[in-house]
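Heads up, the thing below is written out as structure tokens.
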Protein chains: 2
Amino acid sequence: MNKKQILLIDDDHELAELLVDYLAQQGFIVQCCFDGQAGLEQAYNHKFDLILLDVMMPKLNGFEVLKALGKEHKTPVLMLTAKGDHHDKIKGLELGADDYLAKPFHHQELLARIKAILRRIQLVNQQNRQALQHQDTLLSINNIKLNHAVRSVSCHGNDIELTGTEYQLLTLLMEHHGKIIAKDTISEQVLGRKLSPFDRSIDVHIGNIRRKFLPFCTVEKIKTVRSAGYIFLTGENA
Amino acid sequence: MNKKQILLIDDDHELAELLVDYLAQQGFIVQCCFDGQAGLEQAYNHKFDLILLDVMMPKLNGFEVLKALGKEHKTPVLMLTAKGDHHDKIKGLELGADDYLAKPFHHQELLARIKAILRRIQLVNQQNRQALQHQDTLLSINNIKLNHAVRSVSCHGNDIELTGTEYQLLTLLMEHHGKIIAKDTISEQVLGRKLSPFDRSIDVHIGNIRRKFLPFCTVEKIKTVRSAGYIFLTGENA
DNA sequence: AGACTGTGTAAAGGTTTAGTAAAGGTTATT
DNA sequence: AATAACCTTTACTAAACCTTTACACAGTCT
């Protein structure tokens, strides 16, 4: 994992030095500015992963820096201040800060809050990628091919249109090809409900799938196992 | 803008009532649980935008709930507690909480912190989308061309005017052409919100895009995959 | 064989989902 | 403040889909 870069904007040189040391020791790269103006410039020039922003400073105070950064600025900001005043906190947060910590604070708490913010960003990023990333999308057994990315099915190269339920049912059978799948398992996995005594839905779906494959197959791929369930035959058994 | 859903887990009935009222008044939908166990179940069953979690509770305390949610849980958590102890704060934050607020707190500060967390998530989402778009300024598939630099669209050479949302939606589909994009993914990526049960926005946008392309296309480029999503067809499939 | 049970299958009925037009509401612009 | 552009919601329609029903047939047991 590459090191995260932090921009510290604080006119308190003593505190700044302490923080730079501590955070560096914790695996961050810290850049330091001692007034709002300089901080703002740095923020524009470099891309930081996080900004630590003091409120009371010469030239530009923390709130002004926050405003100048603009509503659309992407770098998260954690504000630090000597005042524990609620109005200040609220003002900071509403101006776009991600967190607000009152001085004096424990450096461990600061660290924990920094990590929390960075972790959140990473989580959201992950989430976004995962939503668009499809798991392995090809399943091919016994001349039948499934492509999950497009939810398409083909038999000996011929495209076959299946409904959502039929597709799920076939997928289930193919994922466990060569093994008997009980009807109640199918009902729960595919239809999302317990199998009721006179429920014939599954039989009908199986029938529909078979009918759609019929023109393209010489042998039956889905075999009925009386009073046990259905089974997708592998090449050897077929 | 649709309302954000918050799960409040706190055994202090009096406080809970106050918070529910206040947050509802501020435009949130709040669900309430009075012990850790119930809260955890709710968190698993529904998708919330944020969880407010008290620490001291019967059955399961806040830390235990946090652990049970797991490291990969996606919903942000803001912890509330009577103890202002630093160790507690650090513990909570390290266990995956996004923020930690000590009781008693000003409801305005709570609100500001809630908003800060939600805003950060939305910002990161936006950023992701934009980052994707700026990678390549030209995207050309199946006779449809996008030029991100000037945000223009053409079909067989004919310019087409799309709104911002339509453009983003089309971009998303084209970037993942040949793959199904689920409606809830579209909603999160393009509209920046979770898909609600009766939300028809996406269908309408898709309809509008199709209508604008209609005069210039012989075949449909965007295919509906019932109960799964939409897919931008590649040349071969079209 | 006869009874019983489980399955194949066609068709009817009911439910869910998507297409679409129009109204309502929001935001940005003039 | 008025206007325009846009997004969302609503309501209706059509289509796709799932389940139920009914009956025929096949396997199993006595």
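Within every chain, numbering begins at 1; the chains are lettered A, B, ... in the order of the sequence lines, protein sequences first and strands thereafter. Quick note: numbers below take in every heavy atom, side chains included, and nothing from hydrogens, waters or symmetry partners.
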Interatomic distance where [atom1] belongs to [X] and [atom2] belongs to [N] [whole Å]:
{"X": "B:Ile209", "N": "D:dC6", "atom1": "CD1", "atom2": "C1'", "value": "14 Å"}
{"X": "B:Leu191", "N": "D:dT9", "atom1": "CG", "atom2": "C1'", "value": "13 Å"}
{"X": "B:Leu169", "N": "D:dT8", "atom1": "CG", "atom2": "C1'", "value": "14 Å"}
{"X": "A:Arg151", "N": "D:dC17", "atom1": "CZ", "atom2": "C1'", "value": "11 Å"}
{"X": "B:Asp199", "N": "D:dT9", "atom1": "CG", "atom2": "C1'", "value": "9 Å"}

Spatial distance of atom NZ (B:Lys221) from atom CZ (B:Phe216) [nearest 0.5 Å]: 12.5 Å

With no hydrogens and no angle check, do the side chains of A:Tyr230 and A:Asp203 hold a donor and an acceptor under 3.5 Å apart? yes

Within less than 4.0 Å of OP1 or OP2 of D:dT19, is there a side-chain N or O belonging to A:His205?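 A:His205 to D:dT19 OP1/OP2: side-chain N or O found under 4.0 Å.
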
Can you confirm whether or not the ring centre of B:His148 sits under 6.0 Å from the ring centre of B:Tyr167? yes

List the residues meeting salt bridge (charged side-chain N to carboxylate O under 4.0 Å, His left out) with A:Arg151, not counting sequence neighbours, and say none if there are none.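 Testing A:Arg151 for salt bridge (charged side-chain N to carboxylate O under 4.0 Å, His left out), a comparison that skips the adjacent residues, returns none.
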
Give me each pair satisfying side chain to side chain donor-acceptor pair (under 3.5 Å) with a member in residues 36-51 of chain A, each pair once, sequence neighbours excluded.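 Checked against side chain to side chain donor-acceptor pair (under 3.5 Å) - neighbours excluded - no pair reaches residues 36-51 of chain A.
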
Would you mind building the protein contact string for nucleotides 4-20 of chain C? One character per nucleotide, 5' to 3', B for base within reach (heavy atoms under 4.0 Å), S for sugar-phosphate only, - for untouched. -BBBBB------BBBBB

